[in-house]
2 protein chains.
Amino acid sequence: MTSNVPIVEQILSANDRLATMNRSQLDASGTVAMNMMASPGAGKTSVILRTIAGLGDSFPLGVVEGDTALTSIDADKVLAAGMPAVQINTGGQCHLDAPMVEGGLAQLPLNELQLVIIENVGNLVCPAAFDVGAHFNVVIASVPEGDDKPYKYPQIYRGIDALILNKIDLLPYIDFDMEYFRRGIQMLNPDVTIFPLSCKTDEGMGAWVDWLTERVASGK
Amino acid sequence: MTSNVPIVEQILSANDRLATMNRSQLDASGTVAMNMMASPGAGKTSVILRTIAGLGDSFPLGVVEGDTALTSIDADKVLAAGMPAVQINTGGQCHLDAPMVEGGLAQLPLNELQLVIIENVGNLVCPAAFDVGAHFNVVIASVPEGDDKPYKYPQIYRGIDALILNKIDLLPYIDFDMEYFRRGIQMLNPDVTIFPLSCKTDEGMGAWVDWLTERVASGK
């Protein structure tokens, strides 16, 4: 049976349309973008710096840093590590959106970059609702935040491709039930790859860097 | 010189008007309310539980727990500690607002309580913008989040009366510059009282409990 009702494409919001444009622009220059989300202090910038060190000269990358305040603390660290970085001040806003990231991408030499890391505002709630135009999404959790976070902030874990569990060097000093944490994540997102690691000792960093390298090589 | 321009009272937003009504309702029953804000995993619920233990039977209190998800993990812990607790599910929203807290207060026996602790959603950005009707505001920071948080999330520290720095038992294992952290806080809020403490060892808990007891005794 056929229907006479015309099938209309899904109408995307302004943000989603601009996110799609960001992705097209990245594709045109052969650049893959990763959206990195986390709670404040989970170690986003530390993971980026250890990732840069771990990648060595595998491929060139750039970083878009989202901050609620007028500070360049994070971008300065990336620049000191020898990579191009752009700071976006959200003016108090609690998340990055596609227009902000469009502005950041415009200031990076995309044709020279194979990867752009978008460091979102530190927030486990709001960034989940905004497509910024990245090809994949990663959340960084950290051991001191506690093993119950997947149960209390479920939305952020649903759409991600990988989960980094940072600060595993603190496991001896903190009550953290790894199985309870893993169960919480897998209940929300059965296919996600989990990388327990430490930016302090570099334990587990190799597996994460390998995964990221494959992702960039595959172009998505 | 007098002016002919009529002086009009500041027109408050719907949220602010309802927050004022919440405060009036609390005042009418002789109850003081504290709004507790923090990053996810800073230890809000642990601080509440150790505060209940530290207060002993000084005065009766109740807790309003804000969560983005349908979980009663935190409220169950407070109930197990023998105090009335209400769970508010924000339906994914990133902060509590005055209408939500109004709903929570309606389920507590306010006439029997001297203090209501409002545990906001774990978020260092959005809760700062919403008056919920509390008499004073407290932020819980934690050592593993890092010493640079006041510089990166300034807004939340501006309107608070006390700052708890939790998890000081982890100081030996983490690079945390206490002077840099204190300078950042005092730059934003010179009058705030800072309480470094540990819910694990109870170190510093006494000074915090004394401050809270005085606040409740003074009725604001």
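We name chains A, B, ... by the order of the sequence lines, and we start the count at 1 in each one.
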Just verifying a value: how many Å separate B:Y173 OH and A:D169 CG, rounded to the nearest 0.5 Å?
11.5 Å

Which members of residues 88-98 of chain B, sorted by number, sit under 4.5 angstrom from chain A on a heavy-atom basis?
B:G92, B:Q93, B:C94

Inspect the surroundings of CE in A:M178 and state if more than 12 heavy atoms from other residues, nucleotides or ligands are less than 6.0 Å away.
yes

Max heavy-atom pairs within cutoff under 4.5 Å with chain B, candidates A:I174, A:D175, A:D148, A:V143, goes to A:I174

Count the heavy atoms of every other residue, nucleotide or ligand shown that sit under 6.0 Å from CD of B:Q186, and state whether that count exceeds 12.
yes

With a cut-off of 6.0 Å (strictly less than), are more than 12 heavy atoms of other residues, nucleotides or ligands near CE of B:M187?
yes

Sort by residue number and list every member of residues 152-160 of chain B having a non-hydrogen atom under 4.5 Å from chain A.
B:K152, B:Y153, B:P154

Does any part of the side chain of B:S142, heavy atoms only, come nearer than 4.5 Å to the side chain of A:P144, both counted from C-beta?
no

For chain B, the option from A:A42, A:S39, A:P40 that forms the most heavy-atom pairs under 4.5 Å
A:P40

Does some side-chain heavy atom of A:L124 sit less than 4.5 Å from a side-chain heavy atom of B:N123?
no

